[in-house]
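The structure appears below as structure tokens.
Residue numbers begin at 1 in each chain, while the letters A, B, ... track the order of the sequences.
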Number of protein chains: 2
Amino acid sequence: MKEDDIHKFNRPGLAVDVVLFTIKNNDLKVGLVRREEEPYFGKHALPGRFVRYDEPIEETARMALKLKAGINPNFVFLEQLYTFGQELKRDTRIRTVTIVYYGLVDSSKIELQDSDKFHWHSVYELPELGFDHKKIIEYAISRLRKKVIESDFAFQLMPEEFTLTELQKAYEVILHEPQDKRNFRKKLLEMKILKPLKKKKMEGAHRPAELYEFRRKG
Amino acid sequence: MKEDDIHKFNRPGLAVDVVLFTIKNNDLKVGLVRREEEPYFGKHALPGRFVRYDEPIEETARMALKLKAGINPNFVFLEQLYTFGQELKRDTRIRTVTIVYYGLVDSSKIELQDSDKFHWHSVYELPELGFDHKKIIEYAISRLRKKVIESDFAFQLMPEEFTLTELQKAYEVILHEPQDKRNFRKKLLEMKILKPLKKKKMEGAHRPAELYEFRRKG
DNA sequence: TTTCATAGTGTAGGTATTACGATAAGTAAA
DNA sequence: TTTACTTATCGTAATACCTACACTATGAAA
């Protein structure tokens, strides 16, 4: 079919953007970069990158984190969110379709890597953003919440060992509402994804808490 | 950043494929085309198309239905499923990333358009398929089921006016398991998305059924 | 008027979810 | 060493939700 001769028409640009979440200071944060080129020069934006010809798309996402945000992508859990390609004028340079991933990372693993081109911002106080990235972040938050409610997602944000109270705090930050302590523990323990370590966390003048780790499937 | 000079590297191909569902003969069907070019010449495949430079991606999906399947896309409800772009060798011609949509259509609206290049196949007896389309269809089915359970999705497969029994049949075909009549009716009526018409469907030697239509939001 | 086929309806039992407050185990201060 | 303080841990009762289940209603056809 001539109709489909792929060499005869101009291909749209294909990019990947990453909405990277972490929890810091009891707040849900998203990682943003400052753009160093047009369009939206100087504005905040999601770390992103054009997909190279020989690059699997998740690899593009990881490279964006590494090169644009200075983050070691090995510590980042990624999941594909949605592909935005309805608006023809999203990017002023060429027509671009962007595959958006969202990622979760334990902030302690990348503490050092805060730089002048990459910053964490509270999702509740977002700065002005380039492109349609604000809308994308809102969407990512709603998907994140849904996932957290119906799966074991939040572990990706936790350190190796954690207490139930710490885990509950993470859920509260993500869902942006308080959780009942007893019901929360009951629910999580029934999921059978927590493995109690025979250790306790001694900290402060109070009863020490049991430490758990995430029970990996398999 | 030179790194990102989008004109300096080769862009991957970007395509859209559509998993189009309908219900026919009490069976869940997916629409497949026969490929008329390499790769997979002569094999069955999902209707698809490369994204043109000035084409919103959902428009690409509709054009694929129109040109490859001979279906009037105005009657088709579409939702984006997932973007496949991990495998570099999916397509043997060029490296291709494909955005997959799934669609629902009331088969009565397109009855005529069954042609020699387009056919409906039971999702439970799929022929051999080109590319990774089998995997994609499986995934689309699981998403479809999930959506049907938690929303009012199935209406897209129904004609304008329908009885509760007909609607239940559609659910049963999609979920592939029988539904309890009373619980089904209770659930659907509680959703407040059904508008009873003051008509009855007279058909056969038995009590006639109440006709309903989908109550559009807003 | 009887038969046949599908339409239409309610309730009880079990399961899951929610709301809620008292005791336990450490540290620090008196 | 005793007491105060802080957070950890635990169970139950009330409610909402889901599931299973069987009979009566209404029309057409015989």
Hey, which of these two, B/Glu166 or A/Gly204, hits DNA chain C nearer its 5' end, going by closest nucleotide?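 Looking at DNA chain C, the more 5' nearest nucleotide goes with B/Glu166.
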
Position toward the 5' end of DNA chain C (nearest nucleotide), B/Asp180 or A/Pro208: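 With B/Asp180 and A/Pro208 compared, the 5'-side residue is B/Asp180.
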
Let me know the distance between [atom1] of [X] and [atom2] of [N], rounded to the nearest Å.
X	N	atom1	atom2	answer
A/Glu203	C/dA25	CD	C1'	15 Å
B/Glu190	C/dT9	CD	P	14 Å
B/Arg185	D/dT19	CZ	P	18 Å
B/Lys199	C/dA7	NZ	C1'	18 Å
B/Leu188	C/dT9	CG	C1'	16 Å
B/Leu164	C/dT9	CG	C1'	12 Å
A/Phe184	D/dT9	CZ	C1'	14 Å
B/Leu167	C/dG8	CG	P	12 Å

Scan [X] against the nucleic acid and name what it touches under 4.0 Å (heavy atoms): base, sugar-phosphate only, or nothing.
X	answer
B/Glu210	sugar-phosphate
B/Lys181	base
A/Thr165	sugar-phosphate

Could you list all the ring-ring contact (aromatic ring centres under 6.0 Å, His included) pairs where at least one residue sits in residues 190-212 of chain B, not counting sequence neighbours?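 Sorted result for residues 190-212 of chain B: empty, none.
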
Would you say A/Glu138 has more than 12 foreign heavy atoms packed within less than 6.0 Å of its CD?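 For A/Glu138, atom CD is crowded (more than 12 foreign heavy atoms under 6.0 Å).
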
Picking from D/dT9, C/dG26, D/dA28, which would you name as closest to the side chain of B/Ala205?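 Nearest to the side-chain atoms of B/Ala205, counting from C-beta on, is D/dA28.
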
salt_bridge(B/Glu58, B/Arg62) N-O dist < 4.0 Å: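 So B/Glu58 pairs with B/Arg62 through a salt bridge.
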
Is the closest basic N to carboxylate O distance between A/Lys117 and A/Glu36 below 4.0 Å?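 Salt bridge absent between A/Lys117 and A/Glu36.
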
Looking at A/Arg207, I'd like to know whether one of its side-chain N or O atoms comes within less than 4.0 Å of OP1 or OP2 on D/dT9.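 Checking D/dT9 against A/Arg207, no side-chain N or O comes under 4.0 Å of OP1 or OP2.
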
Base [N] paired with [X] side chain (donor-acceptor, <3.5 Å):
X	N	result
B/Lys201	C/dT6	no
A/Arg182	C/dC20	yes
B/Lys200	D/dT26	no

Is the ring pair B/His44/B/His121 parallel, tilted or perpendicular, if the boundaries are 30 and 60 degrees?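 Judged by the thresholds at 30° and 60°, the geometry between B/His44 and B/His121 is perpendicular.
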
Tell me which of A/Lys186 and A/His206 sits closer to the 5' end of DNA chain D, going by the nucleotide each one is nearest to.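 Whichever sits nearer the 5' end wins; that is A/His206.
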
